[in-house]
Amino acid sequence: MKKWVYNLEFPSWCPSLNIFGYKFNRVDNYQDKVAQLQHLSAIHSEFAISSNTGQHAITAYVEFPKQEDTAVLEWADKENSALGDILLLLSIFTGRNVFTIDDNSDVVGVIIADPRQYQWGGVLACSIPYKQLPDTEREFGYDIGFEEELNRIYLLMRTEKWQNKYGHGYFLFLINQAFHRQSLESSFTQCWTIWEHLFTVHNRRWLSDKNIRNLDAIEKLCFIMTEYALKDEIEVSSRKRIQSLVDTRNRLIHFGRFPVDELSVRDNAVLFIRLTEFIIAKILGLLPSNVFNTTEKLEDFLKEQSKAK
């Protein structure tokens with residue numbers, strides 16, 4: 001059994017990916033198909049691809065293992081297989097909406113999935129260790145680290161310990177939504193939901209739902225920052241800066257957008273999204289990439305003098 005796969009972009013020179021027994025293979029005309037996807041800048045790697053608006057494209061097909069396991073994430077469809085989990089991981093780590101259709105389906109119907117490249121996710125993508133695999137039959141080897149790490153991540157996710165600690169991984173659905181191309185305000189709000197959700201996951205055993213709802217947001221943010229070692233200790237001056245994030249969130253919720261004349265507010269929102277990626281990387285057992293200087297920007301943010309409101 002196999003299915004066609006939309007929008008999967010393979011690592012350069014990588015002919016196939018085997019993840020948890022599902023083998024993803026490039027289609028014969030992969031070069032043409034991958035060029036049909038949205039590319040916001042020109043690419044000169046395995047293929048030369050010009051920037052373009054893009055569309056959905058069938059770039060691969062997936063062959064199924066002899067016996068499928070059930071999904072470990074809590075999908076609405078209780079009969080979902082592990083393939084659904086893997087497609088979600090591929091979407092998050094490749095920055096595109098990856099999905100399948102049946103090989104024998106004559107009618108696809110209306111595809112409502114967004115074909116655009118994700119706005120966010122660079123920290124996670126760059127956190128995958130690069131591992132070169134030599135190939136004597138080709139001019140170039142390819143990065144096998146992507147395949148190895150996704151297998152490691154998925155096996156980790158399927159452990160009972162991980163499932164119990166992280167609320168069955170519901171945050172992965174949230175981060176996939178937050179990464180989509182949309183307004184900065186929308187992504188910031190969705191990332192805020194992830195922080196609140198993770199606080200609940202870690203504290204529900206000793207705090208009631210009412211206490212969690214009533215707890216000041218700054219306490220939740222400080223907890224998450226120390227829990228995931230973004231900061232070893234939150235000083236009084238740092239708490240004032242974190243409070244400014246809370247004020248930004250409250251103002252956004254009530255007035256619908258960030259102030260157009262305060263660029264620092266938008267910069268801080270971007271930092272918050274990048275910090276969310278840092279946290280997700282750690283949960284998945286990765287060493288977060290600092291490719292966007294997130295660590296330094298957090299230190300600069302916490303050292304700034306609190307501004308009068």
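In this text the structure is predicted, and so the values were computed from the model without any measurement.
One distance of note links CG of Leu150 with CG of Leu155; it measures 10.5 Å at 0.5 Å rounding. Residue Leu302 holds its CG atom at 4.5 Å from OG of Ser238, rounded to the nearest 0.5 Å. For the atom pair CG of Leu89 and CG of Leu124, the computed distance is 10.0 Å after rounding to the nearest 0.5 Å. For the atom pair Ile86 CD1 and Ile19 CD1, the distance stands at 6.0 Å (nearest 0.5 Å). Put simply, CG on Leu284 and CE on Met157 are 7.0 Å apart, with the number rounded to the nearest 0.5 Å. Atom CZ in Phe278 sits 14.5 Å away from atom CD1 in Ile273 (nearest 0.5 Å).
Ion pairing of Arg251 with Glu262 is present here, as a side-chain N (NZ or NE/NH1/NH2) and a carboxylate O approach within less than 4.0 Å. Contact check on Lys297 versus Asp267 returns no salt bridge, with no Lys/Arg side-chain nitrogen under 4.0 Å from an Asp/Glu carboxylate oxygen. Using a cut-off of 4.0 Å between Lys/Arg side-chain N and Asp/Glu carboxylate O, Glu219 and Arg239 are scored as salt-bridged.
Counting only residues at least two apart or on different chains, no ring pair (Phe, Tyr, Trp, His ring centres under 6.0 Å) pair has a member in residues 232-255. Listed by first and then second residue, the salt bridge (Lys or Arg N to Asp or Glu O under 4.0 Å) pairs that reach into residues 151-161 are Glu149-Arg152, sequence neighbours excluded. Sorted by first and then second residue, the pairs that involve residues 170-179 and meet side chain to side chain donor-acceptor pair (under 3.5 Å), not counting sequence neighbours, are Tyr118-Asn176. Within the structure, every pair that satisfies the ring pair (Phe, Tyr, Trp, His ring centres under 6.0 Å) test and touches residues 71-90, not counting sequence neighbours, is listed here: Trp75-Phe173.
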Side-chain atoms of residues 53-61: list all donor-acceptor pairs with protein atoms under 3.5 Å, sequence neighbours left out, distances to 0.1 Å.
{"residue": "Gln55", "atom": "NE2", "partner": "Gln36", "partner atom": "OE1", "Å": "3.3"}
{"residue": "His56", "atom": "ND1", "partner": "Asn7", "partner atom": "ND2", "Å": "2.9"}
{"residue": "His56", "atom": "NE2", "partner": "Ala113", "partner atom": "O", "Å": "2.7"}
{"residue": "Thr59", "atom": "OG1", "partner": "Leu8", "partner atom": "N", "Å": "3.0"}
{"residue": "Thr59", "atom": "OG1", "partner": "Leu8", "partner atom": "O", "Å": "2.7"}

Please table the atom pairs, donor to acceptor, closer than 3.5 Å between any side-chain atom in residues 222-230 and protein atoms at least two apart or in another chain.
{"residue": "Thr226", "atom": "OG1", "partner": "Cys222", "partner atom": "O", "Å": "3.1"}
{"residue": "Thr226", "atom": "OG1", "partner": "Phe223", "partner atom": "O", "Å": "3.0"}
{"residue": "Tyr228", "atom": "OH", "partner": "His202", "partner atom": "NE2", "Å": "2.6"}

Could you list the donor-acceptor pairs under 3.5 angstrom formed by side chains in residues 65-73, with sequence neighbours left out?
{"residue": "Glu68", "atom": "OE2", "partner": "Tyr22", "partner atom": "OH", "Å": "2.5"}
{"residue": "Glu68", "atom": "OE2", "partner": "Ser81", "partner atom": "OG", "Å": "3.1"}

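Considering every non-hydrogen atom in both His39 and Ile49, the closest pair reads CD2-CG2, 3.5 Å. Closest approach of Ser127 to Leu286, counting heavy atoms only: O-CD2, 3.8 Å. Residues Leu156 and Gly285 approach most closely at CD2-N, 4.3 Å, considering heavy atoms. Gln38 approaches Asn52 most closely through the heavy-atom pair CG-O, 3.5 Å. Across Ser187 and Trp120, no two heavy atoms sit closer than the pair OG-NE1, 3.3 Å.
Counting heavy atoms from C-beta on, the side chains of Thr94 and Phe10 never come closer than 4.5 Å. At least one side-chain heavy atom of Arg96 sits under 4.5 Å from a side-chain heavy atom of Gln117. A heavy-atom distance below 4.5 Å is found between the side chains of Asn29 and Asp32. Residues Phe146 and Cys14 are not in side-chain contact: their nearest non-hydrogen atoms beyond the backbone lie 4.5 Å or more apart. Two residues are said to be in side-chain contact when any heavy atoms from C-beta on lie closer than 4.5 Å; Val123 and Thr276 fail this criterion. You'll find the side chain of Asn97 reaches within 4.5 Å of the side chain of His180, heavy atoms only. Between Ile234 and Leu221, every side-chain heavy-atom pair lies at or beyond the 4.5 Å cut-off. When side chains are defined from C-beta on, Tyr6 does not count as touching Thr100, because their heavy atoms never get closer than 4.5 Å.
Follow the hydrophobic side-chain contacts under 4.5 Å out from Ile194 and you reach Leu184 in the same cluster. Tracing side-chain contacts under 4.5 Å through hydrophobic residues (I, L, V, M, F, W, Y), one never reaches Ile253 starting from Leu215; they form parts of separate clusters.
Of the possible polar contacts, none joining the Asp300 side chain to the Leu298 backbone as a donor-acceptor pair under 3.5 Å is found. Judged by distance alone, the side chain of Asp216 and the main-chain N or O of Ile218 form no donor-acceptor pair under 3.5 Å. When atom types are taken as modelled, the side chain of Glu63 and the backbone of Lys2 share no donor-acceptor pair closer than 3.5 angstrom. Side-chain atoms of Ser91 come within 3.5 Å of backbone atoms of Val98 as a donor-acceptor pair (strictly under, hydrogens ignored). Panel note: side chain Asn214, backbone Asp209; no donor-acceptor pair is recorded below 3.5 Å.
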With side-chain contact (heavy atoms from CB on, under 4.5 Å) as the criterion, how do Leu245 and Trp195 come out once you've worked through the C-alpha distance, each side chain's angles and the decisive distance to 0.1 Å? CA-CA 13 Å; Leu245 280 176; Trp195 285 55; over 6 Å; no

Could you walk me through whether Gln132 and Asp143 satisfy the side chain to side chain donor-acceptor pair (under 3.5 Å) test, starting with their C-alpha distance in whole Å, then the side-chain angles of each, then the deciding distance to 0.1 Å, before giving a yes or no? CA-CA 5 Å; Gln132 182 79 7; Asp143 176 18; over 6 Å; no

Before giving the answer on salt bridge (Lys or Arg N to Asp or Glu O under 4.0 Å), spell out for Arg249 and Glu185 the whole-Å C-alpha distance, their side-chain angles and the decisive distance to 0.1 Å. CA-CA 9 Å; Arg249 181 264 182 190; Glu185 285 87 346; over 6 Å; no

Between Lys231 and Glu299, does a side-chain contact (heavy atoms from CB on, under 4.5 Å) hold up when you go through it step by step? CA-CA 9 Å; Lys231 283 290 293 182; Glu299 288 299 320; 3.6 Å; yes

Would you sort out whether Glu296 and Asn290 count as a side chain to side chain donor-acceptor pair (under 3.5 Å), showing the intermediate values? CA-CA 9 Å; Glu296 292 82 1; Asn290 198 36; 2.9 Å; yes

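Seen from the ring of Phe258, Arg266 does not count as a face-on cation partner, given the 6.0 Å and 45° thresholds.
For the residue pair Gln243 / Asp247, a side-chain donor-acceptor distance below 3.5 Å is found, with atom types taken as modelled. With 3.5 Å as the limit, one finds no donor-acceptor pair spanning the side chains of Ser186 and Thr189.
With sequence neighbours left out, Arg26 forms a salt bridge (Lys or Arg N to Asp or Glu O under 4.0 Å) with Glu46. Among residues two or more places apart in sequence or in another chain, the side chain to side chain donor-acceptor pair (under 3.5 Å) test is passed with Asn211 by Ser208. Partners of Trp192 by ring pair (Phe, Tyr, Trp, His ring centres under 6.0 Å), not counting sequence neighbours, listed by chain and number: Phe188, Phe272. Legend: residues meeting side chain to side chain donor-acceptor pair (under 3.5 Å) with Ser16, ordered by chain and number and at least two apart, are absent. Lys220 pairs by the salt bridge (Lys or Arg N to Asp or Glu O under 4.0 Å) definition with Glu196, not counting sequence neighbours.
Using cut-offs of 30° and 60° for the angle between ring planes, the Phe171 and Tyr166 rings count as perpendicular.
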